[in-house]
Structure formats: structure tokens, C-alpha cells
S.K.: 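One structure follows; several queries about it will come next.
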2 protein chains.
Amino acid sequence: MTPASSGSARVIECLKSLGLTKYEALVYIALLKVVSATASEIHEISTVPRASVYPVLDQLQEKRLISVARSTPKRFAALSPEEGVAIMMSRIERDAADAREILSAIHRERISHEQSSEELIWNVYGIENIQRKLTEIITAAGHDVRIIAHPQIISPEIRELLDAVAERADIEIVTHQWEGGNKGKLRVYIKKHPEMPRELDHVKDMMAGGICIVDNRRVLVILGTGNEDAVALFSETEGFVRFFSRYYNLIVDWAKKPE
Amino acid sequence: MTPASSGSARVIECLKSLGLTKYEALVYIALLKVVSATASEIHEISTVPRASVYPVLDQLQEKRLISVARSTPKRFAALSPEEGVAIMMSRIERDAADAREILSAIHRERISHEQSSEELIWNVYGIENIQRKLTEIITAAGHDVRIIAHPQIISPEIRELLDAVAERADIEIVTHQWEGGNKGKLRVYIKKHPEMPRELDHVKDMMAGGICIVDNRRVLVILGTGNEDAVALFSETEGFVRFFSRYYNLIVDWAKKPE
DNA sequence: CACGTGTTGTTGTTGTTATAACAACATTTA
DNA sequence: TAAATGTTGTTATAACAACAACAACACGTG
């Protein structure tokens, strides 16, 4: 497999998400393989129909990704990949900045006289969003945070945050293991997996993810941590909170028992 | 004009270049305007056909831009613009990094047994590319650099570079004005525009851009600096270099004359 | 509890646009 | 004039946009 063909589908996808079409990507790649080329040579290298090469070259030129020689026939050369990607990214970053600004304006003016989201149970998709939400609710903690979680949930960032919040709120954690003995002001209970009594078997599954209860008012239930399609539930619903609060107490009572 | 409609076309374009479709953008924007909404409410806010809202919401969910409530009917909420844009950008940046890597591999293995580009005259489009090329050839200077240029060509970066290169190469500059008297090892001649004799009238146009000759071997001719569609010619062709060298000498001889 | 009504969610069809692919022709160079 | 270059216009194709029709469901009422 040639180096070109090995990742060719992938690299074309990448270039598409940087704003090129398939042909633009193919022509740009073709030009990278040589010092310079005429339209016909590009056609041969890239397999793009010869007649299509000309408009594509025009577009690449408008996007500032190639240089053109003043000769007949015209010769074309690609900017280096570093330069080319930088040029494409700078366009996108400009768009991103604009989007952020305009969208923020819209977001600030959003209609707030809607029913609050308190009576709902929300799905949070993706491990990054879950971490974000977890950070959000811990940060907003008033007087207590209670966590049962797989160690991988309690990332260094979360742990740092917990240490900070511990200054003003009571924090209780149940987990399998705790890296570094220093628990600071945190109350940490460690329970190994296999010790779990049979009647709490379904808890194992929960422990693959975790539960975080803040101020007995908000709950984040993390279901599985298969990095890709992790899902969490978030709610401020009274019944939901009460249910998981009881669930939490059940586990903690058992965790607190001396081994 | 409402804040939403004022930049709505623009923001949709921005979101498209971040990888969303028109409908995805419209639905995301609609969700930013409220705390949460059902599919039907989204349809009303966004004017996207109700039947199209559902698949679009699926796509937005896959792209991790919205949360979904567990209720009937389902309620949806947008992640904040900052989070949303960050998520889209991180996808693109990952693609950019991959593209850079794969393309660099292709570029390194390029077929080099091609005719060199020495006999050609190259067009360089865009002010950034011109600055880049100028930096490149000055950096590679062996024994001399000769420049006639409009002051705006000689940016702080270029000036810094020239100071560094002056250690090993003779540098001569003709321009209209020179910020800060410190010329270091550079030989700078300053000539105001209006003094120009009538027979050199066409030089004015050239002075709107500039000429840079390095080692009497490479020439960059900058034509106009209208920030958008600035074009430069670059060549190592003997005839081209000789022509502009003579041209250069003509102007410099006149510039050296005491006023 | 059956029933009608209105809403939610799904499916399939059609129109539209941008890209892809090609054929035919005009133009230049050797 | 033969070969290659450059241009133009037409036809596919695929993704997206827009809509119509229907099944599933919740809910209030007789």
C-alpha cells in the first residue's frame, strides 16, 4: 500500500471538513507529490478528469493554497501542508469566533420566561459533556456533595475541584481506589468491587459509572464509561433525587461498615 | 432588525464551515433562544419543517451539541455557544492535525526528479503569502538584499528579520519613510513620492508595492497592496532578474542623488 | 371504557443545489 | 496539422431541503 493510498480516504475526509471538496483535495494532494505540474500532469497524478482540473485549480487559487507560474502551459505548485492547513484553519477559526460572538448574543437574550428545566430528566451524551456537567454542579455546590463513582470518573481535575469546594461544603466519596493517600478535607470510603454482597449485585453496574448528588437537590447519574457512548442522566426532580438519595444511602451504609 | 436576523445569514455560513447543515444551524440557533423546547416548538421557532426537525435533532445529538430530556414529548436544550463551538472546533482541529501529518508524509516523499522551478515566473496570491515568501527569500539571503518598497511592506517582522540578516549580508532599502531613526547596519534611502521626476512616473505604481532582489539571483515583485487581492511575481529566471535589477538600479541611482 | 381529537414521532416522495464526470469544441504551440 | 492546452456546456449523482401522509400515543369526554 502506498503512503498516499493508505490514508487517502481519511485525508480526503479531513480536508473536506477543512472546507475542500473531493476534487480540491485530490488536486492539492497531487500537487504535494511534485515540485510543480501543469493541468494535464495534475490530471494524470490525481485521476481527476482533465476538464475538471481547471475550475478546481481556480478554486484552490482563490483559497490561497497554490501558486501559479506565468508560463504556457501554466504550472502550478502547492503551498506546503503546514502553510496550507494553517490557511484553511485560520478561515475556520475566524468563522468560529464570529459564530461564538453572534450565538452568544442570541443566547444572552433567550426567552427566560419559560418553565424551568427542574421537572425534567436530562440525558447528557459523551464523556466530555458528562465531565463538564459534573464540574458545573460540583462548582455550584452550596453545602454538600455526595459521590459514588468509579475511580476513572474522579479525574485529577475533578479532584482538584473537590479539594477547592471542600472549603465550604461537606464532601463524601465512595470509590474503589484512591490514588495518593492525601484526602484533605474529603471523607473518602474505599470499597473493593468483589466484596459486594450478592443482594447489591446491580450496584456493580452503577459503580462502572457513578452517582453525584449535590445539596440533595441535583443528581447526575453516570451510566457506563465506554469512552465513546457514555450517557448520564441529570435531574433536579424531587422524586428522582429522592430515589437516588435512598439508593446512595444504601450503598454508603454498607461502605461505612468496617471490613 | 432583530439581533437574530441581522447576522443570521452570516452565522449560518459560519456554522456551515464548522460542519453543520443549514437546518442543523437553524435548529441549534432556535434552541439557544429558549431554555428548552419540544420538536414542535423548535419547528415554530426555527421555521424548519416539523418532519425535518427530528432527523436534524438526531444529528445534533450525534455531534454532541444538545441534551435531551427523558420526557414525553422529549425536550431538547442546546449546549452554550461557547461549549458548542468548542466541540465543533475540536473535531476540526483533530482533522487538521491528521491532515497535516498525512500530507506532510506525502510532501516529504514527493518526486524530486522534476525540472526545478528556476525557469519560471510564479504568481503569489494574497498579502499573507507574499509576506511569507518575502520572509523566505530574505532569510535565505547569502550576500545581499536590495529592496524598493512601500513602507507598509516593511512590517515590524520583516524589519526585525532584516536586522538579523544584516549581520552577514549587505542590505539596501529605498522607501518613502522610515519609522524610528535607528537603521542599524541597513543602508536606507528615503525618497518622498511627489519628488519623483516625471520620466519615472510609472515607478509610482511600482512603489505602491515593491521589489526585492536577493543575491542578484531571485526577485520578488509586489504589485499593489490592496490587502485582499495583492499579487506578487517571483522568479529566479536570469532574464527576469536582469530586467528588474536594471530597473532597481535606475531608481536607486535617482534615490541616491542628494535632494 | 370506548371514542374522538390533537399532538408526537416516523416514513417515503419530490424538489433543489452543489459537486462530480464527461463530451465536444476552440485555441495555442511546435 | 498534429498534439496538447484551455474552455464550455451537458448529464449524473448525492446530499440536503421541503413536504405529505400516516401510525402511535396521550388525554379529555360522553
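In this text, all values refer to a predicted model and were calculated from it rather than measured experimentally. Order of the sequence lines fixes the chain letters, A, B, ..., with proteins taken first and strands second; residue numbering starts at 1 for each chain.
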S.K.: Side chains of A:N123 and B:R70: donor-acceptor distance under 3.5 Å anywhere?
M.R.: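 Side chains of A:N123 and B:R70: pair found under 3.5 Å.
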
S.K.: For A:L20 and C:dA18, give me the distance from atom CG to atom C1', rounded to whole Å.
M.R.: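 Computing the A:L20:CG to C:dA18:C1' distance gives 15 Å.
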
S.K.: Have a look at A:T21 and say if it touches a base, only the backbone sugar-phosphate, or nothing, with a 4.0 Å heavy-atom cut-off.
M.R.: sugar-phosphate

S.K.: Rounded to whole Å, how long is the line connecting atom CG of A:D58 with atom P of D:dT8?
M.R.: 10 Å

S.K.: Between D:dC16 atom P and B:E24 atom CD, what is the distance in whole Å?
M.R.: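 To the nearest whole Å, that distance equals 8 Å.
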
S.K.: If you measure from the Lys or Arg side-chain nitrogens to the Asp or Glu carboxylate oxygens, is any gap between A:E83 and B:R132 under 4.0 Å?
M.R.: yes

S.K.: Name the residue closer to the 5' end of DNA chain D, choosing between B:R50 and B:Q59 according to the nucleotide with the nearest heavy atom.
M.R.: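 Between the two, 5'-proximity favours B:Q59.
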
S.K.: Expressed in angstrom and rounded to an integer, what is the separation of B:K74 atom NZ from C:dT10 atom P?
M.R.: 6 Å

S.K.: Are the charged groups of B:E24 and B:K63 less than 4.0 angstrom apart, N to O?
M.R.: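 Salt bridge flag = yes for B:K63 with B:E24.
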
S.K.: Cation-pi check for A:Y125 against B:R64: NZ or CZ below 6.0 Å from the six-membered ring centre and within 45 degrees of the axis, yes or no?
M.R.: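 No, a cation-pi geometry is absent between B:R64 and A:Y125.
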
S.K.: Please check the phosphate of D:dG6 (OP1 and OP2 only) for any side-chain N or O of A:Y54 closer than 4.0 Å.
M.R.: yes

S.K.: Measure from the side chain of B:S40, starting at C-beta and using heavy atoms only, and say which of D:dG6, C:dG9, C:dT8 lies closest.
M.R.: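 Looking only at side-chain atoms, B:S40 lies closest to C:dT8.
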
S.K.: In whole Å, what is the span from the CD atom of A:E13 to the P atom of D:dA15?
M.R.: 10 Å

S.K.: What's the CZ-C1' distance between A:R75 and D:dG6, to the nearest Å?
M.R.: 16 Å

S.K.: Counting side-chain heavy atoms from C-beta on, which of D:dA18, C:dG9, D:dG6 comes nearest to B:P49?
M.R.: D:dA18

S.K.: State which of D:dT8, C:dT19, C:dT8 makes the closest approach to the side chain of A:A51.
M.R.: D:dT8

S.K.: Is A:R10 salt-bridged to B:D95, cutoff N-O under 4.0 Å?
M.R.: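 Salt bridge flag = yes for B:D95 with A:R10.
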
S.K.: Out of D:dA17, C:dT8, D:dG6, which has the shortest distance to the side chain of B:P73?
M.R.: C:dT8

S.K.: Just how far, in rounded Å, is P of D:dT5 from NE2 of A:H43?
M.R.: 10 Å

S.K.: Go through D:dC19, C:dA21, D:dA17 for me and flag the one nearest to the B:K22 side chain.
M.R.: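 Closest nucleotide to the B:K22 side chain: D:dA17.
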
S.K.: Which whole-number value in Å describes the distance from B:E41 CD to C:dG6 C1'?
M.R.: 15 Å

